[in-house]
Amino acid sequence: MAIDEGLSRIEAQLQEEGQRVLSAVRGAIRALEEADPELADEVIAFDDEIDRLFVGIESSIQALLALQTPVARDLRLLLAMLHINLLLERSGDGSVTVAKLTKLVAEADPDPALVEVLVEMGERAEEMLRVALDSFDRRDLAGAESLVALDELIDRSNRRFVERLVDVMAEPTLREWGLRMVVAARTIERIGDRAVDIGEQTAYLLTAEFREFTDASHPASP
């Protein structure tokens, strides 16, 4: 059927976009770790490709809604993909933010312990996006729900970052770098939150009920 073919094509495009976003997150974190402004520039330029996919997917969904009459599960799939498309595009934007912040402090002498925490957070955010995309692809509710525990790991790392930063900010030469990296840490944390949001869309698709796994906008208690 035409609608089945259209849904499959859009979902394939969505997974392609997801892989591009994963590459962007990985590149942004590596640029931060290595203080590499050239790699940061590559991440920034690469966002045009993610944006192109985002616009194409959105247009395809709109066309399918206009030309077909999706019902029940098909409609839920389209709505879930519409949300996931936006979440992926924003995660790509987050990678650009991290890359731009890296460029601003590329000449600084960073605190190695804080860089280590940021890299750890970035690797976990990438893992969460991978789990979210795989869970959606396999229609795996348990996999989607597992994102809550992974998100808590990022939140804990972010708290460690803030605790260490209090000491570092007493050093004038690290003050600008620290302030920029506060934003980077929050941006990475938000990428993890968006992975949880993708998991919630998977749950919506499978159960026909939307529910928040956790209030990802507020940190959990220590």
Side-chain angles (χ1 to χ4, degrees), residues 21-41 43-44 47 87-88 90-133 135 143-200 212-222:
V21 173
L22 284 169
S23 295
V25 172
R26 190 180 313 118
I29 298 305
R30 188 157 66 87
L32 187 156
E33 181 179 20
E34 299 173 5
D36 186 341
E38 292 184 1
L39 179 55
D41 279 332
V43 172
I44 294 166
D47 192 55
L87 291 165
L88 289 173
R90 286 180 174 172
S91 295
D93 287 346
S95 300
V96 170
T97 297
V98 173
K100 287 181 176 179
L101 290 165
T102 295
K103 287 188 64 179
L104 288 173
V105 292
E107 302 301 319
D109 186 16
D111 179 80
L114 285 178
V115 172
E116 183 178 344
V117 176
L118 288 168
V119 171
E120 178 183 298
M121 289 177 66
E123 289 173 347
R124 285 175 174 164
E126 182 187 346
E127 178 190 4
M128 287 180 69
L129 278 176
R130 195 180 305 281
V131 169
L133 289 165
S135 298
E145 291 175 335
S146 75
L147 289 160
V148 176
L150 294 174
D151 190 51
E152 173 58 19
L153 293 177
I154 285 189
D155 290 343
R156 288 178 187 173
S157 295
N158 191 45
R159 289 195 290 274
R160 287 199 346 258
F161 177 88
V162 173
E163 289 167 2
R164 168 69 180 169
L165 185 65
V166 172
D167 297 329
V168 168
M169 292 297 283
E171 176 59 51
T173 59
L174 284 173
R175 199 161 293 158
E176 181 184 358
W177 181 88
L179 289 171
R180 303 288 189 190
M181 291 303 103
V182 167
V183 181
R186 178 56 182 153
T187 301
I188 294 167
E189 187 183 33
R190 287 296 297 136
I191 292 173
D193 289 344
R194 292 188 187 105
V196 174
D197 293 341
I198 292 172
E200 290 172 351
E212 291 189 348
F213 290 165
T214 182
D215 188 355
S217 64
H218 294 83
S221 301

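- Within a 6.0 Å radius of CG in D167, more than 12 heavy atoms belonging to other residues, nucleotides or ligands are found.
- Inter-residue side-chain proximity for M181 and V105 is flagged as met; some heavy-atom pair is nearer than 4.5 Å.
- When every heavy atom of G199 is checked against every heavy atom of L147, the shortest pair comes out as CA-CD1, 3.8 Å.
- Residues L114 and W177 meet the side-chain proximity criterion, which asks for heavy atoms closer than 4.5 Å.
- A salt bridge links R186 with E189: the closest approach of a Lys/Arg side-chain nitrogen to an acidic carboxylate oxygen falls below 4.0 angstrom.
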Stepwise side chain to side chain contact (heavy atoms under 4.5 Å, CB included) check, V98 with I191 | CA-CA 11 Å; V98 173; I191 292 173; 5.5 Å; no
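- The shortest non-hydrogen separation linking G192 to A125 is N-CB, 4.3 Å.
- Here CD1 of I44 is found 6.0 Å from NZ of K100. Values are rounded to the nearest 0.5 Å.
- Scored by the side-chain contact (heavy atoms from CB on, under 4.5 Å) test, A185 finds L118, M121, N158, F161 as partners (sequence neighbours excluded).
- Put simply, CE on M128 and CG on L22 are 12.5 Å apart, with the number rounded to the nearest 0.5 Å.
- Residues F213 and E200 approach most closely at N-OE2, 2.8 Å, considering heavy atoms.
- Here R159 pairs with E152 in a salt bridge; the nearest charged N to carboxylate O distance falls below 4.0 Å.
- Remark: D197 does not engage R194 in a salt bridge, criterion side-chain N to carboxylate O under 4.0 Å.
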Please assess L39 against R30 for the test side chain to side chain contact (heavy atoms under 4.5 Å, CB included), listing each intermediate value before the final yes or no.
-> CA-CA 8 Å; L39 179 55; R30 188 157 66 87; 3.6 Å; yes
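- Nearest heavy atoms, V96 versus V43: CG2-O, 4.2 Å.
- Of all the heavy atoms in T102 and A35, the pair that sits closest is CG2-CA, 4.4 Å.
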Does the side chain to side chain contact (heavy atoms under 4.5 Å, CB included) test come out yes or no for K103 and D41, once each step is laid out?
-> CA-CA 8 Å; K103 287 188 64 179; D41 279 332; 2.7 Å; yes
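- Counting non-hydrogen atoms of other residues, nucleotides and ligands closer than 6.0 Å to CZ of R90 gives a total of 12 or fewer.
- In plain terms, the two heavy atoms of A195 and A132 that are nearest each other are O-CB, 3.6 Å.
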Check the pair L129 / I198 against side chain to side chain contact (heavy atoms under 4.5 Å, CB included), numbers first and verdict last.
-> CA-CA 8 Å; L129 278 176; I198 292 172; 4.2 Å; yes
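- Salt-bridge annotation for R124 and E120: present, with a side-chain N of the basic residue lying under 4.0 Å from a carboxylate O of the acidic one.
- A distance of 11.0 Å separates CZ of R175 from CG of L165, quoted to the nearest 0.5 Å.
- More than 12 heavy atoms of other shown residues, nucleotides or ligands fall within 6.0 angstrom of atom CD in E34.
- One distance of note links CG of D193 with CG of D151; it measures 5.0 Å at 0.5 Å rounding.
- To the nearest 0.5 Å, atoms OG (S157) and CD1 (I188) are separated by 10.0 Å.
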